[in-house]
Undergrad: 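Before anything else, here's the structure in question.
Quick caveat: nothing in here was measured; it's all calculated off a predicted structure. Residues: numbered from 1 along the sequence shown.
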Amino acid sequence: MKLLRPVLLAVVLAGGFFYFTTYRSGRSGLADWVGQPSKIEISEAAGSDVLDAEEQNNIAVYRKNIGSVVNITSKAVTFDFFYGLVPEEGQGSGFIIDKEGHILTNYHVIAEARQVEVTLHNRKSGIPATIIGTDRSHDLAVLQIKAPGLTPMVLGDSGNLQVGQKVYAIGNPFGLAGTLTRGIVSSIRQVHEPDGMKIDDAIQTDASINPGNSGGPLLNMHGEVIGINTMIASNVGQSAGIGFAIPINTAKAVINDLLTSGRVRRPALGVATIPVDPNLADQMGLAADYGLLIVQVVPGGAADNAGLRGGTERAFLGNIPIMLGGDLIVAIDGEKVEDQQELAQVMNNHRAGDTVRITIYRGKKKMDVSVTLGEARQQM
């Protein structure tokens, strides 16, 4: 009997526990009680807003320049076989370069456009823009808008860029206005655009550049413009980490022409040349083993007017007929010239009407000749 009482008491207590915890609350009551405690404890950050130096610089560059970056919408008309004339719209970026509302962008952003609108960062509606000047060969264009309180960007120097420098791109990729991306200068190289035009000393960067970034600024860590984002190398038409920008020094050299005459008065020397190497110099008996040999002088051109001479003796370079006996150009304004690319770079630093000092060998005689550069024909 004594053993039975504890057993009965245990049964009663177990039954009561079952009734209040499981039966009365339903079959899931115990699971709910175990799985859903009355208070959940989580770990929260201390709420610190401290930014490191790199983050602070990113923010400073963005805030300094975002008000000067614009979205450009170009409207053109294309022909469709079934529908006839069809309106077409494109987008790109640009940036303000003075308080008069002049905007620098890519030529291909506004090419063939019948109407151009510019949207400022702090506005939703577009402002009609006028095309002031274009330079197709450098893929540059200048627009102008009328608006109060414009803040121009600071144009830097792209002449001494180093691979590894930090750079920022601001633009409107895929129409997403005010987008900042960051990277480094990956290389400085000559590249060819899809239309065949080439960019000397193009700035290669891994900062993300996508459709819509064209014409936008590439900035250094001080927030100064060092390039104009223009193209990407990609098999899918989107960023693959290889983007290119036109050096800002190239743009600065032609901006005045674009503003005053709407086109660039590109200089021309008026010669046809071939590069000379030590082997070729030895075969021809030239006085120097480098430089550009003048094979032809354009009649009435800058070189002809200055008395430079082309070749007079017919010969063959492989299967290519050339004329030998002309002057050998070895330097311009004291800077050594070895090939056509270096000659083109010298020309890019001058305008038509400038006078340059060309060092030549005429036979074995070394001499300097002053040449007033002519104006190259505009490409259509």
Side-chain angles (χ1 to χ4, degrees), residues 135 137-138 140 155-163 165 185 187-192 197-204 226-227 245-257 264-282 284 286-298 301-311 325-376:
D135 179 12
S137 64
H138 281 143
L140 296 171
L155 304 187
D157 181 9
S158 59
N160 297 303
L161 296 178
Q162 302 294 318
V163 172
Q165 274 188 243
V185 175
S187 182
I188 305 292
R189 67 176 74 248
Q190 184 187 83
V191 297
H192 287 81
M197 296 297 176
K198 65 182 179 180
I199 306 172
D200 291 321
D201 296 326
I203 306 168
Q204 181 182 327
I226 57 170
I246 299 167
I248 194 61
N249 286 6
T250 298
K252 288 195 293 185
V254 301
I255 284 177
N256 187 62
D257 279 354
V264 177
R265 298 184 64 237
R266 202 167 308 286
L269 185 55
V271 293
T273 64
I274 58 171
V276 169
D277 59 23
N279 182 50
L280 194 60
D282 183 60
M284 296 181 179
L286 300 177
D289 61 1
Y290 69 93
L292 290 173
L293 182 65
I294 301 176
V295 295
Q296 183 180 7
V297 172
V298 177
D304 186 33
N305 292 336
L308 293 179
R309 299 176 183 176
D327 294 331
L328 176 64
I329 299 173
V330 293
I332 298 179
D333 288 335
E335 295 292 327
K336 195 173 181 180
V337 175
E338 298 190 59
D339 53 36
Q340 282 94 346
Q341 183 176 342
E342 291 184 353
L343 177 61
Q345 290 173 344
V346 171
M347 292 295 103
N348 282 339
N349 293 327
H350 291 281
R351 302 270 67 79
D354 290 351
T355 299
V356 296
R357 177 171 53 88
I358 297 182
T359 303
I360 64 168
Y361 278 100
R362 181 168 292 166
K364 301 296 182 180
K365 183 180 179 181
K366 189 176 184 179
M367 54 195 297
D368 289 332
V369 179
S370 292
V371 179
T372 301
L373 299 174
E375 184 173 352

Undergrad: For side-chain contact (heavy atoms from CB on, under 4.5 Å), just list the numbers for L293 and M284, CA-CA rounded to whole Å, side-chain angles, deciding distance to a tenth of an Å, and then say yes or no.
TA: CA-CA 11 Å; L293 182 65; M284 296 181 179; 3.8 Å; yes
Undergrad: A side-chain contact here means heavy atoms from C-beta on lying under 4.5 Å apart; do Q340 and L292 qualify?
TA: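 A side-chain contact under 4.5 Å exists here.
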Undergrad: Roughly how far apart are R265 CZ and R351 CZ, rounded to 0.5 Å?
TA: 9.0 Å
Undergrad: Please name all residues satisfying side-chain contact (heavy atoms from CB on, under 4.5 Å) with A268, sequence neighbours left out, ordered by chain then number.
TA: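 A376.
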Undergrad: Using the rule given for side-chain contact (heavy atoms from CB on, under 4.5 Å), can you reason through I294 versus L328, listing the C-alpha separation, both sets of side-chain angles and the distance that settles it, and then say yes or no?
TA: CA-CA 6 Å; I294 301 176; L328 176 64; over 6 Å; no
Undergrad: For the residue pair V298 and D304, what are the closest heavy atoms and their distance?
TA: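 Smallest heavy-atom distance, with atoms named: O-CB, 3.4 Å.
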Undergrad: Tell me, please, which residues at least two apart from Q190 pass side-chain hydrogen bond (donor to acceptor under 3.5 Å, both in side chains).
TA: D200
Undergrad: For D201, what residues pass the salt bridge (charged side-chain N to carboxylate O under 4.0 Å, His left out) criterion, not counting sequence neighbours?
TA: none
Undergrad: Could you tell me which non-hydrogen atom of E338 sits nearest to which non-hydrogen atom of P275, and how far apart they are?
TA: O-CB, 4.0 Å
Undergrad: Mind checking what makes side-chain contact (heavy atoms from CB on, under 4.5 Å) contact with R189, not counting sequence neighbours?
TA: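 R189 satisfies side-chain contact (heavy atoms from CB on, under 4.5 Å) with S187, V191, Q204, F244 once adjacent residues are dropped.
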Undergrad: Which value, rounded to the nearest 0.5 Å, describes the distance between T359 atom OG1 and I329 atom CD1?
TA: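 Rounded to the nearest 0.5 Å, the OG1-CD1 separation comes to 10.0 Å.
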Undergrad: List the residues meeting side-chain hydrogen bond (donor to acceptor under 3.5 Å, both in side chains) with D339, not counting sequence neighbours, and say none if there are none.
TA: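 Result, side-chain hydrogen bond (donor to acceptor under 3.5 Å, both in side chains) vs D339: none returned.
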Undergrad: Can you sort out the partners of N305 under side-chain hydrogen bond (donor to acceptor under 3.5 Å, both in side chains), two or more places apart, ordered by chain and number?
TA: none
Undergrad: Among all residues two or more places apart in sequence or in another chain, which pass the side-chain contact (heavy atoms from CB on, under 4.5 Å) test with V346?
TA: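 With sequence neighbours excluded, V346 shows a side-chain contact (heavy atoms from CB on, under 4.5 Å) to I332, H350, given in chain and number order.
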Undergrad: Show your reasoning for whether salt bridge (Lys or Arg N to Asp or Glu O under 4.0 Å) applies to R266 and D257.
TA: CA-CA 9 Å; R266 202 167 308 286; D257 279 354; over 6 Å; no
Undergrad: Is the side chain of K252 donor-acceptor paired with the backbone N or O of P247 at a distance under 3.5 Å, no angle test?
TA: no
Undergrad: Compare every heavy atom of A302 with every heavy atom of G374, then report the nearest pair and how far apart it is.
TA: N-CB, 3.5 Å
Undergrad: Quick one: pull up CZ in R357 and CG in D368 and give me the separation to the nearest 0.5 Å.
TA: 5.0 Å
Undergrad: More than 12 foreign heavy atoms under 6.0 Å from CD of E335: is that the case here?
TA: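 12 or below, so no.
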Undergrad: Quick one: list whatever passes side-chain contact (heavy atoms from CB on, under 4.5 Å) with A245, sequence neighbours left out.
TA: I203, L218, N229
Undergrad: With rounding to the nearest 0.5 Å, note down the distance linking OG1 in T273 to CG in L343.
TA: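 Answer rounded to 0.5 Å: 6.5 Å.
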Undergrad: So which atom in A288 and which in V276 form the shortest heavy-atom distance, rounded to 0.1 Å?
TA: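 The answer is O-CG1, 4.2 Å.
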Undergrad: Measure from the side-chain N and O atoms of D333 to the backbone N and O of V356, and report whether any donor-acceptor pair falls under 3.5 Å.
TA: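 Side chain of D333 to backbone of V356: no pair is present.
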Undergrad: Would you name the heavy atoms of A303 and V371 that are closest together and state the gap between them?
TA: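 Smallest interatomic distance, heavy atoms only, reads N-CG1, 4.3 Å.
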Undergrad: How would you list, by chain and number, every residue that makes a salt bridge (charged side-chain N to carboxylate O under 4.0 Å, His left out) with D289, sequence neighbours excluded?
TA: none
Undergrad: Could you check T355 against S370 for side-chain hydrogen bond (donor to acceptor under 3.5 Å, both in side chains), going step by step and ending with a plain yes or no?
TA: CA-CA 7 Å; T355 299; S370 292; over 6 Å; no
Undergrad: Can you tell me how far apart CD (Q165) and CD1 (I188) are? Round to the nearest 0.5 Å.
TA: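 Answer for the CD-CD1 pair, Q165 versus I188, is 8.5 Å.
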Undergrad: Checking L155 against I255 for the side-chain contact (heavy atoms from CB on, under 4.5 Å) test, could you report, in this order, the C-alpha distance in whole Å, the side-chain angles of both residues, the deciding distance, and whether it holds?
TA: CA-CA 12 Å; L155 304 187; I255 284 177; 4.3 Å; yes
Undergrad: Run the side-chain contact (heavy atoms from CB on, under 4.5 Å) check on I360 and L308 step by step: do they pass?
TA: CA-CA 9 Å; I360 64 168; L308 293 179; 3.9 Å; yes
Undergrad: Considering residues at least two apart in sequence or located in another chain, which fulfil the salt bridge (charged side-chain N to carboxylate O under 4.0 Å, His left out) criterion with R362?
TA: D327
Undergrad: Going from CG on D277 to OH on Y290, what distance comes out if it is rounded to the nearest 0.5 angstrom?
TA: 14.0 Å
